[in-house]
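Labels below follow one simple rule: chain letters A, B, ... track the order of the sequence lines, proteins then strands, and each chain is numbered from 1.
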Amino acid sequence: MKSQRFANTAMGVLAWVVALLIFFPILWLLLTAFKTEQQAFTVVPNFFFSPTLESFKTALAQGSGYWHYAWNSALTAVASTVIGLALAVPAAYAMAFYPNKRTDFLLVWMVSTKFIPAVGVLIPIYLVYSAVGLLDNALGLTLLFTAMNLPIIVWMVYSYFRDIPKDIVEAADIDGASIMQTLFKVVLPLALPGLASTGLLALILAWNESFWSITMTDHSAATLAVYIASFKSAEGLFWAKMSAASVLAIAPIIVLGWFTQRQMVRGLTFGAVK
Amino acid sequence: MAIVELKNVAKRYESQHKGSSSNNAVDNFNLVTRDGEFVVLVGPSGCGKSTTMRMIAGLERNTGGEILIGGKDVSQVPPKERDIAMVFQSYALYPHMSVAENMGFSLRLKKRPAEEIKQKIDEAAQTLGIEHLLDRKPRELSGGQRQRVALGRAIVRNPQVFLMDEPLSNLDAKLRVDMRAEIVKLHKRLNVTTFYVTHDQVEAMTMGERIVVMKDGEIQQIDTPINLYDFPANRFVAGFIGNPSMNFLRARHADGAVSGPGFAFTLDAAHTQAMASRRVVDVWVGVRPEHLRIGDAAGANRVEGTVDVVETLGAVTMVQLSVGEHVVTAQLPGHQTVRIGDTLTLTCDSDKLHLFDSESELAIGRESAAASSATAEA
Ligand SMILES: Nc1ncnc2c1ncn2[C@@H]1O[C@H](COP(=O)(O)OP(=O)(O)OP(=O)(O)O)[C@@H](O)[C@H]1O
Ligand SMILES: [Mg+2]
């Protein structure tokens with residue numbers, strides 16, 4: 001009994017240590033955002049200081065363009081998620097309810113496209129984009145995000161559809177429902193928690209994306225990733241301002257994640273716990 | 001209500017091997033129902049019962065033959081246009097809809113007026129005794145209640161044909177007996193042509209107006225329950241129908257009698273005549289356990305062996321004896337004094353015997369008057 005309790009306590013402590021370790025960079029980021037540039041630059045870690053909002057003021061100031069970048073981030077993330085789901089649902093529906101010999105291969109192949117590092121396809125995509133005028137363009141970036149997330153979205157939606165017993169789809173078929181009616185009245189309502197968490201994940205991945213955002217945009221379609229990077233300028237690094245900018249960039253998604261965490265957990269367990 | 005005709009219906013799944021023709025999931029299925037008939041499909045697991053139902057429903061395309069519902073070839077018609085209702089083994093209720101919504105789904109899709117839908121749901125709910133459950137979700141129901149909702153969803157449609165694939169197999173024994181009677185009653189009232197799949201021969205015998213016995217994708221026999229019992233067309237049907245199942249003894253025929261180690265029977269006129277015209281002398285003798293009774297060692301019909309097992313069930317006593325290489329089960333009246341190790345002699349009337357060809361395993365010399373031409377010839 002006693003050793004059991006000790007083990008539990010030890011596990012608890014270990015969990016906290018790991019959690020703190022993971023959380024520390026974010027904590028440090030938060031602290032730094034409230035420091036002056038001088039305080040931020042000290043070599044000796046400094047936990048006690050009088051917080052200032054100076055960096056936030058600069059980060060949000062007229063010329064910084066925060067709202068411009070935030071709008072681009074939101075637009076491309078939401079649009080790519082909506083397009084991604086719209087494309088993934090029919091694909092996943094066909095694969096889940098009308099599988100054939102090639103379905104498994106197709107799934108693996110789709111996900112295997114994620115094995116290629118993004119830089120590997122940078123040159124061809126850059127050239128094509130520059131030829132068709134999609135560089136620094138919100139539509140271009142949206143398409144990239146969609147393509148980037150589509151395999152994951154299809155895979156996830158497919159898993160949620162697979163959790164729906166085939167009998168139910170066949171019952172709808174016999175009850176006289178068309179494919180569209182089966183999809184909208186039976187399959188989608190049943191897969192809604194899964195679709196929601198898939199959408200959230202796609203949204204977060206697109207929002208946090210930085211490689212394509214930084215390389216394919218300049219200003220007009222630039223997202224918050226570009227905004228953060230802009231604080232590393234020729235005149236040097238501005239730790240405090242960069243931290244404040246980062247906090248502002250990740251805040252919306254963290255708030256969203258916080259409010260939807262129940263949904264996320266429910267969806268991400270992939271129907272394992274019914 | 002409609003007549004359903006299946007003509008040489010066959011199904012081969014894509015994944016099955018191309019070369020071998022013998023292993024179609026369903027092969028050469030011929031059946032014409034009466035209008036409003038209750039047909040039971042029965043057979044061991046994997047014999048093609050569900051496949052046949054799914055082809056009638058249109059969930060699977062038949063790869064051979066034709067299926068006609070009400071005289072119309074539906075082989076190319078999608079399920080939703082076949083006007084059939086199906087009750088699934090898993091019930092397949094829509095989990096996100098209430099009981100009423102589940103039952104009214106098909107009518108809503110047809111855009112029927114709301115009052116009509118409500119009235120039909122109420123009617124069906126009353127028939128099935130589930131009026132108090134209409135607002136519940138399927139997960140808030142017991143197995144038996146779900147079963148009723150699934151039936152209700154089928155009957156509000158007022159379809160041409162009902163298909164039920166092992167609808168009772170997820171219920172406990174007592175509920176199963178109750179629902180069995182209820183489905184029969186329901187069928188009497190609605191008089192809709194019904195196909196009912198089960199692998200439980202008691203269910204088949206008690207419910208079916210006609211029973212289709214299947215094995216390995218092929219029909220073995222189609223007949224009324226009592227004819228299947230009295231005139232099994234082959235050894236498989238003889239062993240499948242009846243509980244406990246028929247005893248089979250390998251025997252040789254000579255001069256109107258069949259015998260083997262530990263047993264001998266004289267044949268009745270019909271069997272004698274049938275055997276007279278045959279050259280082959282090896283046959284299977286079939287005797288139902290309930291037709292065996294205590295006999296004496298000097299009798300003309302006798303089976304003699306040592307008792308291995310005695311099961312006292314009250315009304316009856318089940319006895320198993322070793323007869324030569326065979327094990328023979330007998331169902332004797334209760335209160336027997338036999339004990340394990342005893343030597344026991346049993347007897348049976350000649351007209352209760354069944355003979356089967358030792359090679360083809362087809363019945364010899366007994367034909368049901370109604371024996372249909374659809375009986376398997378393979
Ligand atoms: N989708 C499929 N693909 C390939 N073969 C299949 C498929 N469905 C069924 N089969 C095969 O067809 C045969 C008949 O199957 P079916 O489901 O009709 O049997 P059943 O009589 O309903 O059995 P059970 O009593 O177990 O339900 C089996 O050999 C089965 O393996
Ligand atoms: Mg089956």
Side-chain angles (χ1 to χ4, degrees), chain A residues 89-90 92-107 157 159-199 262-263 266-267 269-274, chain B residues 13-15 50 53-54 56-61 77-98 101-112 137-139 146 149-167 170:
Chain A
V89 162
Y93 188 90
M95 288 195 282
F97 297 116
Y98 305 95
N100 62 26
K101 277 180 257 162
R102 287 168 287 278
T103 301
D104 284 346
F105 170 78
L106 198 63
L107 275 166
V157 175
S159 327
Y160 295 119
F161 283 1
R162 276 288 294 269
D163 284 345
I164 299 173
K166 190 157 193 259
D167 282 359
I168 291 180
V169 174
E170 291 179 343
D173 202 0
I174 288 179
D175 266 349
S178 64
I179 288 187
M180 278 304 186
Q181 286 169 323
T182 306
L183 181 64
F184 282 103
K185 291 183 198 269
V186 177
V187 171
L188 289 185
L190 288 175
L192 201 59
L195 288 177
S197 46
T198 308
R262 270 168 160 272
Q263 186 60 55
R266 188 146 69 106
T269 48
F270 280 81
V273 272
K274 282 242 161 99
Chain B
Y13 284 104
E14 232 176 278
S15 55
S50 298
M53 293 284 259
R54 294 171 58 80
I56 301 172
L59 295 172
E60 302 284 354
R61 283 281 158 85
V77 177
K80 63 187 198 119
E81 285 158 31
R82 292 193 185 192
D83 198 13
I84 36 131
M86 185 154 173
V87 179
F88 293 78
Q89 180 177 354
S90 63
Y91 316 136
L93 300 176
Y94 309 120
H96 57 301
M97 297 184 199
S98 71
E101 286 166 342
N102 261 282
M103 288 168 63
F105 186 60
S106 61
L107 299 175
R108 284 205 307 281
L109 290 174
K110 280 195 205 138
K111 304 232 157 46
R112 308 315 291 249
K137 290 276 169 65
R139 65 168 176 278
R146 282 178 209 181
V149 176
L151 279 172
R153 186 171 67 179
I155 64 180
V156 294
R157 300 256 321 263
N158 193 21
Q160 297 218 52
V161 181
F162 275 132
L163 303 175
M164 306 190 189
D165 192 349
E166 309 204 27
N170 287 342

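Few gaps surround NZ on B:Lys80; more than 12 heavy atoms of other groups in view lie less than 6.0 Å from it. Crowding of A:Arg162 atom CZ: a count of heavy atoms from other residues, nucleotides or ligands under 6.0 Å not exceeding 12.
Counting heavy-atom pairs under 4.5 Å between each of B:Ala57, B:Pro95, B:Ala85 and chain A puts B:Pro95 at the top. Note: B:Ile84 leads B:Ile84, B:Leu107, B:Asp83 in heavy-atom pairs under 4.5 Å with chain A.
Between A:Asp175 and B:Arg153, some side-chain heavy-atom pair lies under the 4.5 Å cut-off. Side-chain atoms of B:Leu109 and A:Lys185, non-hydrogen and from C-beta on, do get closer than 4.5 Å to each other.
Between B:Ala92 and A:Ala171, the shortest heavy-atom contact is O-CB, 3.9 Å. When every heavy atom of B:Pro79 is checked against every heavy atom of A:Asp173, the shortest pair comes out as CG-OD2, 3.6 Å. The minimum heavy-atom distance between A:Ile168 and B:Leu93, with the atom names listed, is CD1-O, 3.5 Å. Taking every heavy atom of both residues into account, A:Lys166 and B:Arg54 meet most closely at NZ-NH2, 4.5 Å.
With a 4.5 angstrom heavy-atom cutoff, A:Gln181 touches chain B only via side-chain atoms.
One distance of note links OH of B:Tyr94 with OG1 of A:Thr182; it measures 7.5 Å at 0.5 Å rounding.
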